[in-house]
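Accompanying notes for the structure given below.
Note on naming: letters A, B, ... go to the chains in the order of the sequence lines (proteins, then strands), and numbering restarts at 1 for each one.
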There are 2 protein chains.
Amino acid sequence: MTEPRWLDAQEMRAWRGLIGTNRLLFEQINRELSRRSGLSAADYEVLVQLSETPERRLRMSDLAAQSLSSKSRLSHQVSRLERLGWVRREECPTDRRGAFAALTDEGLAVLEEAAKGHVEDVRRHLFDRLSPEQIHALGEITATLNSYLETVVERD
Amino acid sequence: MTEPRWLDAQEMRAWRGLIGTNRLLFEQINRELSRRSGLSAADYEVLVQLSETPERRLRMSDLAAQSLSSKSRLSHQVSRLERLGWVRREECPTDRRGAFAALTDEGLAVLEEAAKGHVEDVRRHLFDRLSPEQIHALGEITATLNSYLETVVERD
DNA sequence: CCGCAGTAGTTGAATATTCAAGATCTTCGA
DNA sequence: TCGAAGATCTTGAATATTCAACTACTGCGG
(Lines give C-alpha, C1' and ligand atoms only; values in the text may rest on other atoms or scores of the structure.)
Protein backbone atom coordinates (compact mmCIF):
# COMPACT_ATOMS: atom_id res chain seq x y z
CA MET A 1 0.00 0.00 0.00
CA THR A 2 2.25 2.73 -1.32
CA GLU A 3 1.63 6.47 -1.23
CA PRO A 4 -0.48 7.59 -4.20
CA ARG A 5 0.83 10.07 -6.77
CA TRP A 6 -1.02 13.18 -5.69
CA LEU A 7 -2.18 15.67 -8.29
CA ASP A 8 0.19 18.48 -9.20
CA ALA A 9 -0.99 22.08 -9.59
CA GLN A 10 -1.72 21.74 -13.29
CA GLU A 11 -3.73 18.60 -12.76
CA MET A 12 -5.59 19.97 -9.80
CA ARG A 13 -6.57 22.99 -11.84
CA ALA A 14 -7.92 20.84 -14.64
CA TRP A 15 -9.73 18.48 -12.28
CA ARG A 16 -11.43 21.13 -10.20
CA GLY A 17 -12.14 23.06 -13.36
CA LEU A 18 -13.86 20.10 -14.88
CA ILE A 19 -15.94 19.54 -11.78
CA GLY A 20 -16.99 23.17 -11.86
CA THR A 21 -17.85 23.26 -15.54
CA ASN A 22 -19.67 20.02 -15.19
CA ARG A 23 -21.95 21.44 -12.58
CA LEU A 24 -22.27 25.09 -13.53
CA LEU A 25 -22.64 24.69 -17.26
CA PHE A 26 -25.16 21.89 -17.23
CA GLU A 27 -27.08 23.30 -14.32
CA GLN A 28 -27.52 26.60 -16.10
CA ILE A 29 -28.33 25.20 -19.51
CA ASN A 30 -30.76 22.71 -18.03
CA ARG A 31 -32.44 25.32 -15.93
CA GLU A 32 -33.03 27.50 -18.98
CA LEU A 33 -34.22 24.56 -21.02
CA SER A 34 -36.67 23.49 -18.42
CA ARG A 35 -37.97 26.99 -17.77
CA ARG A 36 -38.64 27.60 -21.40
CA SER A 37 -40.00 24.25 -22.49
CA GLY A 38 -40.78 22.19 -19.39
CA LEU A 39 -38.28 19.57 -20.55
CA SER A 40 -35.56 18.29 -18.26
CA ALA A 41 -32.15 17.62 -19.75
CA ALA A 42 -32.80 13.91 -19.54
CA ASP A 43 -36.12 14.27 -21.32
CA TYR A 44 -34.57 16.36 -24.04
CA GLU A 45 -31.81 13.83 -24.59
CA VAL A 46 -34.29 10.97 -24.92
CA LEU A 47 -36.49 12.85 -27.38
CA VAL A 48 -33.47 13.82 -29.47
CA GLN A 49 -32.30 10.24 -29.74
CA LEU A 50 -35.75 9.11 -30.83
CA SER A 51 -36.12 11.92 -33.33
CA GLU A 52 -32.84 11.06 -35.01
CA THR A 53 -33.95 7.58 -35.88
CA PRO A 54 -35.76 6.97 -39.22
CA GLU A 55 -38.72 5.25 -37.56
CA ARG A 56 -38.69 7.69 -34.67
CA ARG A 57 -38.48 4.80 -32.24
CA LEU A 58 -35.85 2.72 -30.49
CA ARG A 59 -35.66 -0.37 -28.37
CA MET A 60 -35.44 0.50 -24.70
CA SER A 61 -31.96 -0.96 -24.37
CA ASP A 62 -30.61 0.96 -27.31
CA LEU A 63 -32.21 4.12 -26.08
CA ALA A 64 -30.70 3.60 -22.65
CA ALA A 65 -27.27 3.09 -24.17
CA GLN A 66 -27.49 6.10 -26.46
CA SER A 67 -28.80 8.44 -23.85
CA LEU A 68 -26.25 7.17 -21.32
CA SER A 69 -29.01 6.21 -18.93
CA SER A 70 -29.56 3.13 -16.83
CA LYS A 71 -32.37 0.80 -17.82
CA SER A 72 -34.23 1.50 -14.65
CA ARG A 73 -34.01 5.23 -14.97
CA LEU A 74 -35.06 5.10 -18.58
CA SER A 75 -38.03 2.94 -17.76
CA HIS A 76 -39.30 5.38 -15.15
CA GLN A 77 -38.57 8.27 -17.45
CA VAL A 78 -40.39 6.82 -20.43
CA SER A 79 -43.38 6.23 -18.19
CA ARG A 80 -43.39 9.89 -17.35
CA LEU A 81 -43.00 10.93 -20.99
CA GLU A 82 -45.80 8.56 -21.88
CA ARG A 83 -48.09 10.17 -19.33
CA LEU A 84 -47.30 13.50 -20.96
CA GLY A 85 -48.17 12.08 -24.37
CA TRP A 86 -44.76 12.69 -25.91
CA VAL A 87 -43.66 9.09 -26.16
CA ARG A 88 -45.60 5.88 -26.71
CA ARG A 89 -44.53 2.35 -25.87
CA GLU A 90 -44.87 -0.25 -28.62
CA GLU A 91 -44.25 -3.95 -28.37
CA CYS A 92 -41.59 -5.70 -30.36
CA PRO A 93 -42.89 -8.39 -32.73
CA THR A 94 -39.61 -10.30 -33.02
CA ASP A 95 -38.75 -10.45 -29.35
CA ARG A 96 -41.65 -10.55 -27.00
CA ARG A 97 -39.57 -9.39 -24.03
CA GLY A 98 -38.67 -6.26 -25.94
CA ALA A 99 -40.29 -2.85 -26.10
CA PHE A 100 -39.92 0.18 -28.28
CA ALA A 101 -40.20 3.75 -27.18
CA ALA A 102 -41.70 5.80 -30.01
CA LEU A 103 -41.80 9.55 -30.37
CA THR A 104 -45.31 10.93 -30.88
CA ASP A 105 -46.14 13.86 -33.13
CA GLU A 106 -46.75 15.92 -30.04
CA GLY A 107 -43.39 14.90 -28.65
CA LEU A 108 -41.66 15.91 -31.84
CA ALA A 109 -43.40 19.27 -31.81
CA VAL A 110 -42.33 19.90 -28.23
CA LEU A 111 -38.78 18.92 -29.07
CA GLU A 112 -38.59 21.16 -32.11
CA GLU A 113 -39.96 24.04 -30.16
CA ALA A 114 -37.42 23.49 -27.37
CA ALA A 115 -34.47 22.98 -29.68
CA LYS A 116 -34.22 26.55 -30.93
CA GLY A 117 -33.72 28.15 -27.57
CA HIS A 118 -31.60 25.31 -26.34
CA VAL A 119 -29.07 25.65 -29.15
CA GLU A 120 -28.81 29.32 -28.43
CA ASP A 121 -28.17 28.66 -24.77
CA VAL A 122 -25.42 26.21 -25.58
CA ARG A 123 -23.88 28.68 -27.95
CA ARG A 124 -24.08 31.55 -25.52
CA HIS A 125 -22.77 29.69 -22.48
CA LEU A 126 -20.20 27.51 -24.19
CA PHE A 127 -19.11 28.21 -27.74
CA ASP A 128 -19.21 31.98 -27.60
CA ARG A 129 -16.66 31.79 -24.76
CA LEU A 130 -14.12 29.59 -26.53
CA SER A 131 -11.78 30.06 -29.47
CA PRO A 132 -12.06 27.70 -32.45
CA GLU A 133 -8.83 26.07 -31.29
CA GLN A 134 -10.29 25.47 -27.86
CA ILE A 135 -13.45 24.01 -29.34
CA HIS A 136 -11.34 21.68 -31.40
CA ALA A 137 -9.22 20.70 -28.43
CA LEU A 138 -12.33 20.04 -26.37
CA GLY A 139 -13.62 17.74 -29.10
CA GLU A 140 -10.35 15.82 -29.12
CA ILE A 141 -10.10 15.54 -25.38
CA THR A 142 -13.64 14.34 -24.84
CA ALA A 143 -13.44 11.92 -27.76
CA THR A 144 -10.30 10.38 -26.30
CA LEU A 145 -11.77 10.11 -22.85
CA ASN A 146 -15.12 8.78 -23.98
CA SER A 147 -13.79 6.04 -26.18
CA TYR A 148 -11.70 4.90 -23.26
CA LEU A 149 -14.52 5.26 -20.77
CA GLU A 150 -16.93 3.25 -22.85
CA THR A 151 -14.65 0.25 -22.46
CA VAL A 152 -14.50 0.72 -18.73
CA VAL A 153 -17.82 1.92 -17.37
CA GLU A 154 -19.99 -0.61 -15.66
CA ARG A 155 -23.54 0.40 -16.42
CA ASP A 156 -26.60 -1.11 -14.64
CA MET B 1 -38.05 35.04 -33.99
CA THR B 2 -35.24 34.24 -36.39
CA GLU B 3 -33.74 30.84 -37.11
CA PRO B 4 -31.06 29.91 -34.55
CA ARG B 5 -27.46 29.30 -35.55
CA TRP B 6 -27.35 25.51 -35.39
CA LEU B 7 -24.20 23.78 -34.25
CA ASP B 8 -21.68 22.82 -36.90
CA ALA B 9 -19.94 19.44 -36.92
CA GLN B 10 -17.00 20.61 -34.84
CA GLU B 11 -19.28 22.14 -32.24
CA MET B 12 -21.62 19.19 -32.14
CA ARG B 13 -18.66 16.91 -31.54
CA ALA B 14 -17.45 19.01 -28.64
CA TRP B 15 -20.91 19.37 -27.14
CA ARG B 16 -21.86 15.72 -27.29
CA GLY B 17 -18.38 14.84 -26.16
CA LEU B 18 -18.71 17.02 -23.14
CA ILE B 19 -22.07 15.53 -22.25
CA GLY B 20 -20.56 12.07 -22.51
CA THR B 21 -17.48 12.83 -20.45
CA ASN B 22 -19.59 14.58 -17.93
CA ARG B 23 -21.68 11.51 -17.36
CA LEU B 24 -19.30 8.65 -17.94
CA LEU B 25 -16.28 10.03 -16.12
CA PHE B 26 -18.04 11.20 -13.01
CA GLU B 27 -20.33 8.21 -12.86
CA GLN B 28 -17.39 5.86 -12.93
CA ILE B 29 -15.20 7.76 -10.51
CA ASN B 30 -18.07 8.25 -8.13
CA ARG B 31 -19.08 4.65 -8.29
CA GLU B 32 -15.56 3.56 -7.40
CA LEU B 33 -15.32 6.12 -4.63
CA SER B 34 -18.55 5.04 -3.10
CA ARG B 35 -17.81 1.35 -3.36
CA ARG B 36 -14.49 1.71 -1.64
CA SER B 37 -15.33 4.23 1.03
CA GLY B 38 -19.10 4.57 1.27
CA LEU B 39 -18.77 8.25 0.39
CA SER B 40 -20.80 9.82 -2.39
CA ALA B 41 -19.14 12.40 -4.58
CA ALA B 42 -21.11 15.13 -2.88
CA ASP B 43 -20.05 13.89 0.56
CA TYR B 44 -16.43 13.74 -0.50
CA GLU B 45 -16.55 17.26 -1.86
CA VAL B 46 -18.02 18.61 1.36
CA LEU B 47 -15.47 16.86 3.54
CA VAL B 48 -12.62 18.09 1.37
CA GLN B 49 -13.75 21.68 1.65
CA LEU B 50 -13.99 21.40 5.42
CA SER B 51 -10.61 19.71 5.71
CA GLU B 52 -8.88 22.45 3.76
CA THR B 53 -9.90 25.11 6.22
CA PRO B 54 -7.62 25.85 9.21
CA GLU B 55 -10.41 25.41 11.74
CA ARG B 56 -11.84 22.47 9.83
CA ARG B 57 -15.19 24.18 9.71
CA LEU B 58 -17.13 26.54 7.48
CA ARG B 59 -20.32 28.52 7.56
CA MET B 60 -23.10 26.72 5.75
CA SER B 61 -23.34 29.40 3.08
CA ASP B 62 -19.66 29.35 2.34
CA LEU B 63 -19.64 25.61 2.23
CA ALA B 64 -22.57 25.64 -0.17
CA ALA B 65 -20.79 28.09 -2.43
CA GLN B 66 -17.51 26.24 -2.39
CA SER B 67 -19.02 22.86 -3.01
CA LEU B 68 -21.30 24.27 -5.70
CA SER B 69 -24.33 23.05 -3.85
CA SER B 70 -27.65 24.69 -3.11
CA LYS B 71 -28.35 25.64 0.47
CA SER B 72 -31.20 23.26 0.70
CA ARG B 73 -29.23 20.33 -0.60
CA LEU B 74 -26.34 21.12 1.67
CA SER B 75 -28.58 21.32 4.67
CA HIS B 76 -30.04 17.88 4.02
CA GLN B 77 -26.62 16.53 3.25
CA VAL B 78 -25.01 17.86 6.40
CA SER B 79 -27.82 16.29 8.38
CA ARG B 80 -26.92 12.96 6.88
CA LEU B 81 -23.21 13.44 7.51
CA GLU B 82 -24.04 14.43 11.05
CA ARG B 83 -26.00 11.23 11.57
CA LEU B 84 -22.93 9.34 10.39
CA GLY B 85 -20.75 11.23 12.86
CA TRP B 86 -18.47 12.75 10.25
CA VAL B 87 -19.63 16.34 10.59
CA ARG B 88 -20.97 18.31 13.52
CA ARG B 89 -23.07 21.45 13.45
CA GLU B 90 -21.90 24.34 15.60
CA GLU B 91 -23.63 27.60 16.21
CA CYS B 92 -22.16 30.89 15.19
CA PRO B 93 -21.53 33.34 18.08
CA THR B 94 -21.40 36.47 15.96
CA ASP B 95 -24.51 35.84 13.88
CA ARG B 96 -27.22 33.87 15.55
CA ARG B 97 -28.86 32.91 12.28
CA GLY B 98 -25.64 31.31 11.19
CA ALA B 99 -24.34 27.79 11.56
CA PHE B 100 -21.00 26.11 11.05
CA ALA B 101 -20.43 22.66 9.72
CA ALA B 102 -17.36 21.19 11.40
CA LEU B 103 -15.38 18.14 10.36
CA THR B 104 -15.02 15.57 13.15
CA ASP B 105 -11.90 13.47 13.72
CA GLU B 106 -13.80 10.50 12.43
CA GLY B 107 -14.81 12.44 9.35
CA LEU B 108 -11.23 13.41 8.69
CA ALA B 109 -10.11 9.82 9.06
CA VAL B 110 -12.73 8.61 6.60
CA LEU B 111 -11.74 11.32 4.15
CA GLU B 112 -8.04 10.55 4.35
CA GLU B 113 -8.70 6.89 3.86
CA ALA B 114 -10.87 7.61 0.82
CA ALA B 115 -8.51 10.14 -0.73
CA LYS B 116 -5.78 7.70 -1.67
CA GLY B 117 -7.88 5.51 -3.88
CA HIS B 118 -9.82 8.44 -5.23
CA VAL B 119 -6.74 10.21 -6.52
CA GLU B 120 -5.65 7.06 -8.23
CA ASP B 121 -9.03 6.70 -9.90
CA VAL B 122 -8.88 10.26 -11.18
CA ARG B 123 -5.40 9.66 -12.49
CA ARG B 124 -6.27 6.40 -14.14
CA HIS B 125 -9.51 7.55 -15.77
CA LEU B 126 -8.51 11.08 -16.65
CA PHE B 127 -4.88 12.15 -16.54
CA ASP B 128 -3.33 8.92 -17.76
CA ARG B 129 -5.39 9.31 -20.94
CA LEU B 130 -4.35 12.86 -21.79
CA SER B 131 -1.12 14.50 -22.92
CA PRO B 132 0.36 17.31 -20.83
CA GLU B 133 -0.78 19.74 -23.53
CA GLN B 134 -4.31 18.46 -23.29
CA ILE B 135 -4.28 18.72 -19.52
CA HIS B 136 -3.13 22.28 -19.84
CA ALA B 137 -5.76 23.08 -22.45
CA LEU B 138 -8.44 21.54 -20.27
CA GLY B 139 -7.36 23.76 -17.41
CA GLU B 140 -7.56 26.84 -19.61
CA ILE B 141 -10.91 25.96 -21.10
CA THR B 142 -12.59 25.17 -17.81
CA ALA B 143 -11.11 28.24 -16.12
CA THR B 144 -12.47 30.45 -18.89
CA LEU B 145 -15.88 28.88 -18.77
CA ASN B 146 -16.15 28.83 -15.02
CA SER B 147 -15.20 32.43 -14.46
CA TYR B 148 -17.86 33.37 -16.97
CA LEU B 149 -20.41 30.97 -15.53
CA GLU B 150 -19.97 32.25 -12.02
CA THR B 151 -21.22 35.62 -13.17
CA VAL B 152 -24.24 34.07 -14.80
CA VAL B 153 -25.50 31.14 -12.78
CA GLU B 154 -28.56 31.69 -10.67
CA ARG B 155 -28.12 29.54 -7.61
CA ASP B 156 -30.87 28.85 -5.06
C1' DC C 1 -37.41 -30.84 -26.93
C1' DC C 2 -36.03 -29.90 -22.15
C1' DG C 3 -34.03 -27.13 -18.87
C1' DC C 4 -31.21 -23.50 -17.59
C1' DA C 5 -28.34 -19.51 -18.04
C1' DG C 6 -28.66 -15.18 -19.60
C1' DT C 7 -31.29 -11.03 -21.72
C1' DA C 8 -35.06 -7.28 -21.77
C1' DG C 9 -37.63 -4.67 -19.27
C1' DT C 10 -40.37 -3.26 -15.13
C1' DT C 11 -41.31 -2.44 -10.39
C1' DG C 12 -41.17 -0.68 -5.54
C1' DA C 13 -38.63 0.81 -1.80
C1' DA C 14 -34.76 3.50 -0.27
C1' DT C 15 -32.29 7.44 -1.08
C1' DA C 16 -31.23 12.03 -2.96
C1' DT C 17 -32.48 16.48 -4.98
C1' DT C 18 -35.39 20.33 -5.92
C1' DC C 19 -38.80 23.66 -4.91
C1' DA C 20 -41.43 26.67 -2.27
C1' DA C 21 -42.31 28.20 2.18
C1' DG C 22 -41.17 29.23 6.80
C1' DA C 23 -38.58 30.60 11.16
C1' DT C 24 -35.02 33.51 12.99
C1' DC C 25 -32.10 36.99 13.07
C1' DT C 26 -29.45 41.23 11.17
C1' DT C 27 -29.06 45.58 8.93
C1' DC C 28 -30.15 49.92 7.65
C1' DG C 29 -32.83 53.91 6.56
C1' DA C 30 -36.29 57.08 8.30
C1' DT D 1 -35.11 53.09 17.78
C1' DC D 2 -38.58 51.13 14.93
C1' DG D 3 -39.82 48.53 11.21
C1' DA D 4 -39.19 46.71 6.73
C1' DA D 5 -36.20 44.31 3.70
C1' DG D 6 -32.99 41.06 3.27
C1' DA D 7 -29.81 37.31 4.95
C1' DT D 8 -29.19 32.58 6.93
C1' DC D 9 -30.57 28.28 7.40
C1' DT D 10 -34.13 24.53 7.81
C1' DT D 11 -38.12 21.93 6.65
C1' DG D 12 -41.54 19.02 4.16
C1' DA D 13 -43.58 17.69 0.07
C1' DA D 14 -42.92 16.67 -4.75
C1' DT D 15 -39.98 14.76 -7.86
C1' DA D 16 -36.05 12.03 -9.61
C1' DT D 17 -32.57 8.43 -9.22
C1' DT D 18 -30.60 4.25 -7.59
C1' DC D 19 -30.65 -0.42 -6.05
C1' DA D 20 -32.13 -4.94 -5.74
C1' DA D 21 -35.48 -7.96 -6.85
C1' DC D 22 -38.74 -9.86 -10.07
C1' DT D 23 -41.37 -11.35 -14.46
C1' DA D 24 -41.22 -12.94 -18.89
C1' DC D 25 -38.93 -14.42 -22.57
C1' DT D 26 -34.92 -16.24 -25.72
C1' DG D 27 -31.31 -19.18 -27.05
C1' DC D 28 -28.22 -22.76 -26.30
C1' DG D 29 -26.25 -27.25 -24.76
C1' DG D 30 -27.37 -31.73 -24.24
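Atom-to-atom, CG of A:L81 to C1' of D:dT17 comes out at 15 Å; the value is rounded to the nearest Å. Put simply, CD on A:Q77 is 17 Å from P on C:dT17, counting in whole angstrom units. Between B:F100 atom CZ and D:dT8 atom P the separation is 13 Å, expressed in whole Å. Distance CG (A:L84) to P (D:dT15): 11 Å, rounded to an integer number of Å.
Applying the ring-ring contact (aromatic ring centres under 6.0 Å, His included) test to every pair with at least one member in residues 133-156 of chain B, sequence neighbours left out, gives these pairs: A:H125-B:Y148. Applying the salt bridge (Lys or Arg N to Asp or Glu O under 4.0 Å) test to pairs two or more places apart or on separate chains, those with a residue in residues 75-87 of chain A are A:D43-A:R80, A:E82-A:R89.
For the pair B:D95 and A:D95, nearest-nucleotide mapping onto DNA chain D gives the more 5' position to B:D95. Between A:T94 and B:R59, the one whose closest nucleotide on DNA chain D sits nearer the 5' end is B:R59. In terms of position along DNA chain C, the nucleotide closest to A:D62 lies nearer the 5' end than the nucleotide closest to the other residue of the pair A:D62 and B:R73.
Between the side chain of B:R97 and the base of D:dA7, a donor-acceptor pair under 3.5 Å is found.
Side-chain atoms of A:S67 never come within 3.5 Å of backbone atoms of A:V46 as a donor-acceptor pair (strictly under, hydrogens ignored). A:Q77 places a side-chain N or O within 3.5 Å of a backbone atom of A:A42 that can act as its donor or acceptor partner.
Checking the phosphate oxygens (OP1, OP2) of D:dA16, a side-chain nitrogen or oxygen of A:R80 falls inside 4.0 Å.
For A:F100, the ring pair (Phe, Tyr, Trp, His ring centres under 6.0 Å) criterion is met by no residue, not counting sequence neighbours. Applying the side chain to side chain donor-acceptor pair (under 3.5 Å) rule to B:D95 yields the partners B:R97; only residues at least two apart in sequence or on another chain are considered. Evaluation of the side chain to side chain donor-acceptor pair (under 3.5 Å) rule for A:E91 yields no partner, not counting sequence neighbours. Residues forming a side chain to side chain donor-acceptor pair (under 3.5 Å) with A:S69 (at least two apart in sequence, or on another chain): A:R73. Take B:R123 and apply the salt bridge (charged side-chain N to carboxylate O under 4.0 Å, His left out) test, not counting sequence neighbours, and it matches A:E11.
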Restricting both atoms to N or O, compile the protein contacts to nucleotides 10-13 of chain C shorter than 3.5 Å, with distance only.
from   : atom 1 : to    : atom 2 : distance (Å)
C:dT10 : OP1    : A:R89 : NH1    : 2.4
C:dT10 : OP2    : A:S75 : OG     : 2.9
C:dT10 : OP2    : A:R89 : NH1    : 3.1
C:dT10 : O5'    : A:S75 : OG     : 3.4
C:dT11 : O4     : A:S72 : OG     : 3.1
C:dG12 : O6     : A:H76 : NE2    : 2.9

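Taken residue by residue, residues 25-56 of chain B places no heavy atom nearer than 4.0 Å to DNA chain D.
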